[in-house]
Amino acid sequence: MRFVVAGAVIRPAPSGAGAELLLAQRSYPADVAGLWELPGGKLAPGETAEQALVRELAEELAVTVAVGAALSEQVPLRADLTLVAHWARVLDGVPRAVEHHGLTWVDADRLAAMAESGVLVPADTAWVPELLTYLRRQ
Ligand code: DCP
């Protein structure tokens, strides 16, 4: 089994109420281009999920992140590929769309609206309930 790790990158909302989540708009492949995801990528041989997430977010967002606990859901992508996610925070840098079409910080209401309108990458919708709970509780 191989793994893909995605980052639930969060920050306190600028308003002071709740928290925000970073979403990235995929630029490829065609079937998911334009949809929004938690950024990340495949573990390289010998890497832990935490190490892979630090590397992928440095490559894709040009930031250094601190990686926290895993989210509860593991999502089967294919028979041999499983998607996991970890909470993360930016330690250094300002996220920039190096490989994505764009980036956006969303609060709970915006995330719920995006999930409802079908603009999230399908696999990532598994995390929406846990993400909404976290974003609303902060
Ligand atoms: N994926 C997903 N949701 C995410 C991140 C990834 O469903 N939040 C899926 C999309 C791909 C697979 O995981 O089917 C691998 O993702 P990436 O293409 O982003 O990973 P890499 O950049 O490591 O792979 P590659 O270099 O092959 O594009």
Side-chain angles (χ1 to χ4, degrees):
M1 178 63 68
R2 292 204 56 194
F3 289 90
V4 179
V5 61
V9 181
I10 37 119
R11 71 175 185 187
S15 67
E20 293 182 334
L21 170 75
L22 185 67
L23 291 177
Q25 190 175 33
R26 282 200 74 105
S27 56
Y28 72 95
D31 59 330
V32 287
L35 300 181
W36 295 84
E37 68 172 2
L38 306 190
K42 297 187 190 86
L43 272 64
E47 268 184 336
T48 64
E50 289 86 349
Q51 289 166 341
L53 190 56
V54 169
R55 176 183 54 74
E56 287 283 348
L57 297 191
E59 290 171 6
E60 296 185 356
L61 309 177
V63 292
T64 304
V65 296
V67 178
L71 278 72
S72 328
E73 297 288 329
Q74 296 202 349
V75 188
L77 288 176
R78 302 193 312 243
D80 60 344
L81 196 64
T82 298
L83 177 63
V84 301
H86 279 255
W87 299 105
R89 284 179 188 271
V90 176
L91 289 181
D92 192 42
V94 175
R96 180 161 67 77
V98 178
E99 295 176 3
H100 289 87
H101 276 329
L103 303 177
T104 187
W105 290 96
V106 298
D107 64 10
D109 289 349
R110 179 89 188 108
L111 178 63
M114 290 173 79
E116 183 78 15
S117 63
V119 298
L120 301 182
V121 167
D124 293 32
T125 58
W127 297 312
V128 167
E130 188 170 359
L131 291 167
L132 289 177
T133 300
Y134 180 86
L135 295 176
R136 291 197 165 117
R137 202 174 51 213
Q138 296 309 301

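Both ligands and their constituent atoms are indexed starting at 1 by order of listing.
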ask   = Got a second to check how far His86's NE2 is from Thr48's OG1, nearest 0.5 Å?
value = 8.0 Å
inquiry  = Residues around ligand 1, heavy atom under 4.0 Å from any ligand atom, sorted by chain and number. Can you pull those?
reply    = Val4, Ala6, Arg26, Tyr28, Glu37, Leu38, Gly40, Gly41, Lys42, Glu56, Leu77, Leu83, Val121, Ala123, Asp124
inquiry  = Would you say that more than 12 heavy atoms from the other residues, nucleotides or ligands in this model lie under 6.0 Å from the CZ of Arg2, or not?
reply    = yes
inquiry  = Other residues, nucleotides and ligands only: do more than 12 of their heavy atoms fall within 6.0 Å of CZ on Arg110?
reply    = no
ask   = Just one of Leu38, Leu103, Leu57, Val90 clears the side-chain contact (heavy atoms from CB on, under 4.5 Å) bar with Leu22, so which one?
value = Leu103
ask   = In a check of side-chain contact (heavy atoms from CB on, under 4.5 Å) between Met114 and each of Thr125, Asp109, Leu35, Val106, which one passes?
value = Val106
inquiry  = So which atom in Pro39 and which in His100 form the shortest heavy-atom distance, rounded to 0.1 Å?
reply    = CB-CE1, 4.1 Å
